[in-house]
Amino acid sequence: MRIATWNVNSLKARLERVEEWLEYARPDVLCLQETKLADKNFPALAFSALGYESVHFGYNQWNGVAILSKVGIEDPANGFGKDVEDPYAEDARMLAATCGGIRVVSVYVPNGREVPSEFYDRKLAWFDRLAEWLEAHHGAKDPVVVTGDFNVAPEDRDVWSTAAFVGSTHVTEPERAAIKRLEHWGLVDTFRRMYDGENLYSYWDYRGGDFHQGRGMRIDLVLATEPVAERVTWAIVDRNARKGKQPSDHAPVVVDLRD
DNA sequence: ATGGTAGCCCTGCTA
């Protein structure tokens, strides 16, 4: 089973490339972030034509998350639950569904903008709600994958230059502690377990030729509970998808599981 | 030079 995640930075602008990539990479499950669509505009038919069922959660032209699957999509659910105050309640940033026996969660963690700021505080609060939601609804022995754009580089080796990010979001101790909390609960950074090196980035700013200069960050993660993580046989960032005409600023991250 | 680009969809906001 092949699971992938991709922040597409507008599905409207990127549909052709996503279709091409699906035919090329043939994931069983693809989690999308930043579709920038309302549900009524989600191109479910285009994915259906390629053999994918899909669910989407989006209010408007900002954020928005989706899950595509060739192995079934059961019990779709979005958000943290009706009794939980979402610090980004106006946004669509979390969608779960059961695909091929795995509870798959597509997340688009708030960016945080600046440190300090109200947005940064709400990013950290959003992480707390995510951890509480996991703790309340799942156990570490359940097959769960939480994947998407976390907008955090978990370690220094996950950024091209630590000096360039002093005082910025994505690398602060509280943000990294939020990832650690998820790991402490039982999620494994599957990609990092496979590969130890640097330069394993999944995101490069559009500006300044950052991609071609190698100035990236690893912020798109595939976190999995041990029953899933132990099945991982292979993982890759498909950097070719960051090249060519009208690329997203993120590349897809792909993880293969043995049956 | 407090920069740069891309996508939202109209002009400034978000990333």
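What's counted below: heavy atoms across the whole structure, side chains too, no hydrogens, waters or symmetry copies. Everything numeric here is computed off the predicted structure, so don't read it as measured data. Within every chain, numbering begins at 1; the chains are lettered A, B, ... in the order of the sequence lines, protein sequences first and strands thereafter.
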Can you tell me how far [atom1] in [N] sits from the matching atom in [M], rounded to whole Å?
N      : M      : atom1 : result
B/dA1  : B/dA6  : P     : 25 Å
B/dC9  : B/dT14 : C1'   : 13 Å
B/dA15 : B/dG4  : C1'   : 13 Å
B/dG3  : B/dG12 : P     : 15 Å
B/dT2  : B/dG7  : P     : 25 Å

Practice task
Evaluate the ring planes of A/Phe165 and A/Trp160, with Trp represented by its six-membered ring, and classify them as parallel (under 30°), tilted (30 to 60°) or perpendicular (over 60°).
Solution key: perpendicular

Fill in the blank from the handout: Per-nt protein contacts along nucleotides 6-15 of chain B (heavy atom under 4.0 Å; B base, S backbone sugar-phosphate only, - none) come out as SBBS----SB

Handout entry: Among A/Asn41, A/Asn60, A/Asn63, A/Asn9, the one residue meeting side-chain hydrogen bond (donor to acceptor under 3.5 Å, both in side chains) with A/Lys36
Key =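 Only match with A/Lys36 under side-chain hydrogen bond (donor to acceptor under 3.5 Å, both in side chains): A/Asn9.
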
Reported [atom1]-to-[atom2] distance for the pair [X] and [Y], which is rounded to 0.5 angstrom:
X        : Y        : atom1 : atom2 : answer
A/Asn7   : A/Gln33  : CG    : CD    : 5.5 Å
A/Trp6   : A/Leu68  : CH2   : CG    : 11.5 Å
A/Phe127 : A/Leu182 : CZ    : CG    : 6.5 Å

Practice task
Answer yes when A/Arg207 and A/Asp249 have at least one side-chain N-carboxylate O distance shorter than 4.0 Å, and no when they do not.
Solution key: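 Salt bridge between A/Arg207 and A/Asp249, a charged N being under 4.0 Å from a carboxylate O: no.
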
